[in-house]
Amino acid sequence: MAATARLRITCPDRPGIVSAVTTFLYTHGANIIDLDQHSTDPEGGTFFLRLEFYTPYMDVSRSALEAAFGEVVGNRFAMDWRLSYSDEPKRTAILVSRHDHCLMELLWRYTRQELPCELTMVLGNHEEPREAVERFGVPYHCVPVGDGGMAEAEARMTELLGPDVDLLILARYMRVVSAEFLAPYDTRVINIHHSFLPAFVGADPYRQAHEKGVKLIGATAHYVTAELDAGPIIEQDTARVTHRHSVADLKAMGSELERTVLARAVTWHLQDRVIVFGNKTVVFR
């Protein structure tokens with residue numbers, strides 16, 4: 001399949017933005033195949049756009065196209081813009097602890113080519129997932145949190161990850177990572193957790209929820225920031241429960257939600273469908 005480029009734009013809303021972008025691409029031989037847009041307010045609001053186009057027939061190189069777009073269109077409309085390419089898959093790594101349901105979902109989708117990335121490694125703080133991960137042909141590194149604490153573990157993980165990781169996925173990694181560890185990644189770390197927060201914190205939230213007779217359970221995937229579980233939300237989902245559901249039922253339903261919600265969020269990120277704006281996201285799906 002021919003390579004495509006994905007252009008994401010955030011800028012002050014004003015007339016002529018779509019015309020300027022599409023005309024520029026047309027004059028350079030790009031064939032636009034998808035375009036979606038959103039404005040917070042047509043009068044003085046913020047404008048968001050995601051556009052995808054075929055690249056084989058462009059009359060300039062990628063670097064020349066990007067330089068020209070910035071000069072001709074980007075500067076004119078005060079745009080914050082990003083251009084990425086489908087044939088340059090994002091280098092991705094996964095962090096996991098003992099709960100492997102989210103990890104297995106991602107590995108399965110990866111082997112079926114449903115996650116458009118280069119999965120470089122899985123890092124865990126326990127040995128249990130190693131055999132399953134290596135069956136998928138993905139390197140596994142165990143970095144336990146020993147006597148040196150998280151600072152020592154994070155230093156080792158940073159060493160293993162190297163400087164070229166585009167996305168880091170916390171697939172039920174049950175340790176709080178520091179702001180220093182997160183700093184190089186900006187909005188390139190995705191986490192998944194149950195949606196009982198902040199009501200039911202600590203150990204066994206499903207039992208707490210069952211004891212309170214909750215009627216909804218859910219899962220949330222979000223970008224990770226220095227503030228715990230408070231980053232921009234990418235995707236959420238819920239399921240209804242009744243008095244007939246046991247704690248085990250709630251845990252099984254929660255695991256299913258966590259798997260699918262995380263997989264959707266990761267897929268949309270890899271397809272460049274997410275624009276972060278403050279502590280919110282615009283997701284073009």
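These numbers come from the heavy atoms of this one structure, side chains and all, not from hydrogens, waters or symmetry mates.
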Over all heavy atoms of both residues, which pair between F77 and A20 is shortest? Give the atoms and the distance, please. CE1-CB, 3.5 Å
If you round to the nearest 0.5 Å, how far is CD of E258 from NE2 of H99? 9.0 Å
If I compare all heavy atoms of N279 with all of G231, which pair ends up nearest, and what's the gap? OD1-C, 3.7 Å
Are there over 12 heavy-atom neighbours, none belonging to K215, within less than 6.0 Å of that residue's NZ? yes
Side-chain heavy-atom pair S178, E154 within 4.5 angstrom cut-off: yes
Does T40 reach the main-chain N or O of G45 with its side chain, forming a donor-acceptor pair under 3.5 Å? no
Given R130 and E134, is the salt bridge (charged side-chain N to carboxylate O under 4.0 Å, His left out) satisfied, shown in steps? CA-CA 6 Å; R130 178 183 296 277; E134 291 180 346; 3.2 Å; yes
Residues R285, D36: salt bridge by 4.0 Å N-O rule: no
Within the structure provided, determine whether E105 and L262 are in side-chain contact (heavy-atom separation under 4.5 Å). no
Using the benzene-type ring in the case of Trp, are the ring centres of H210 and H245 under 6.0 Å apart? no
Whether the side chain of T111 engages the backbone of W108 through a donor-acceptor N/O pair (distance < 3.5 Å, no angle test) should be reported. yes
Can you confirm if the aromatic rings of F24 and F69 lie within a centre distance of less than 6.0 Å? yes
Below 4.0 angstrom, N of the basic side chain to O of the carboxylate: do E131 and R135 qualify? yes
Is any side-chain heavy atom of P116 closer than 4.5 Å to a side-chain heavy atom of Q271? yes
L170 and V224, any side-chain heavy atoms less than 4.5 Å apart: yes
About how many Å separate SG of C117 and NE2 of H269, when rounded to the nearest 0.5 Å? 10.0 Å
Evaluate the criterion side-chain contact (heavy atoms from CB on, under 4.5 Å) for residue pair N125 and R175; output intermediate values, then yes/no. CA-CA 9 Å; N125 56 347; R175 290 282 183 170; 3.7 Å; yes
Calculate, to the nearest 0.5 Å, the distance between atoms CD1 and CG belonging to I169 and L123 respectively. 12.0 Å
So does Y54 get a backbone contact from the side chain of N31, meaning a donor-acceptor N/O pair under 3.5 Å? no
Just checking R14: does its CZ atom have more than 12 heavy atoms from other residues, nucleotides or ligands closer to it than 6.0 angstrom? yes
Tell me whether L7 is reachable from V276 by hopping between hydrophobic residues (I, L, V, M, F, W, Y) whose side-chain heavy atoms are closer than 4.5 Å. no
Indicate if M157 and V165 have the same hydrophobic cluster label, given that clusters are the connected sets of ILVMFWY residues with side-chain heavy-atom separations under 4.5 angstrom. yes
Are I190 and M174 connected, step by step, through hydrophobic side chains (Ile, Leu, Val, Met, Phe, Trp, Tyr) whose heavy atoms are closer than 4.5 Å? no
I'd like to check L106 versus L115 (side-chain heavy atoms, cut-off strictly below 4.5 Å). Are they in contact? yes
Main-chain N/O of I233 paired with T281 side-chain donor or acceptor, under 3.5 Å: yes
With rounding to the nearest 0.5 Å, note down the distance linking CG in D100 to CD1 in I94. 11.5 Å
Check whether NZ of the Lys or CZ of the Arg R188 lies under 6.0 Å from the centre of the six-membered ring of Y223 and within 45 degrees of that ring's axis. no
Cluster link F47 to V282, ILVMFWY, side chain under 4.5 Å: no
Does any non-hydrogen side-chain atom of C142 lie less than 4.5 Å from one of H126? no
Answer yes or no: is there an ion pair linking E52 with R50, defined by an N-O contact shorter than 4.0 Å? yes
Taking R91 for its side chain and L119 for its backbone only, find out whether a donor-acceptor pair lies under 3.5 Å. no
Between Q37 and F48, is any pair of side-chain heavy atoms under 4.5 Å apart? no
Under 4.0 Å between a side-chain nitrogen and a carboxylate oxygen: does that hold for E88 and R62? yes
Treat each ILVMFWY residue as a node, draw an edge where side-chain heavy atoms are under 4.5 Å apart, and state whether L51 and I9 are in one component. yes
How far apart are the closest heavy atoms of A5 and L83, and which atoms are they? CB-CD1, 4.2 Å
So which atom in A78 and which in P12 form the shortest heavy-atom distance, rounded to 0.1 Å? O-CD, 3.7 Å
Polar side-chain atom of R6 near backbone of D272 as donor-acceptor pair, under 3.5 Å: no
For Y26, does the OH atom have more than 12 heavy-atom neighbours from other residues, nucleotides or ligands under 6.0 Å away? no
Do the non-hydrogen side-chain atoms of V138 and T120 ever get within less than 4.5 Å of each other? no
Euclidean distance, H222 NE2 relative to I234 CD1, rounded to 0.5 Å: 8.5 Å
Reported CG-to-CD1 distance for the pair L49 and I275, which is rounded to 0.5 angstrom: 7.5 Å
Is the closest basic N to carboxylate O distance between K90 and E118 below 4.0 Å? no
What is the minimum heavy-atom distance between A171 and C102, and which atoms define it? CB-CB, 4.0 Å
Does any N or O in the side chain of N75 come within less than 3.5 Å of the main-chain N or O of G70, such that one atom is a donor and the other an acceptor? yes
Stepwise side-chain contact (heavy atoms from CB on, under 4.5 Å) test for T4 and I33: CA-CA 9 Å; T4 64; I33 58 173; 3.9 Å; yes
Between G254 and Y206 the two heavy atoms that sit nearest each other are CA-OH, 3.2 Å
Tell me, with the steps shown, if D13 and T46 meet side-chain contact (heavy atoms from CB on, under 4.5 Å). CA-CA 5 Å; D13 200 357; T46 301; over 6 Å; no
Step by step, would you call R240 with L216 a side-chain contact (heavy atoms from CB on, under 4.5 Å)? CA-CA 5 Å; R240 297 199 67 84; L216 283 174; 3.7 Å; yes
Mind checking whether Y185 and F181 have parallel, tilted or perpendicular rings, split at 30° and 60°? tilted
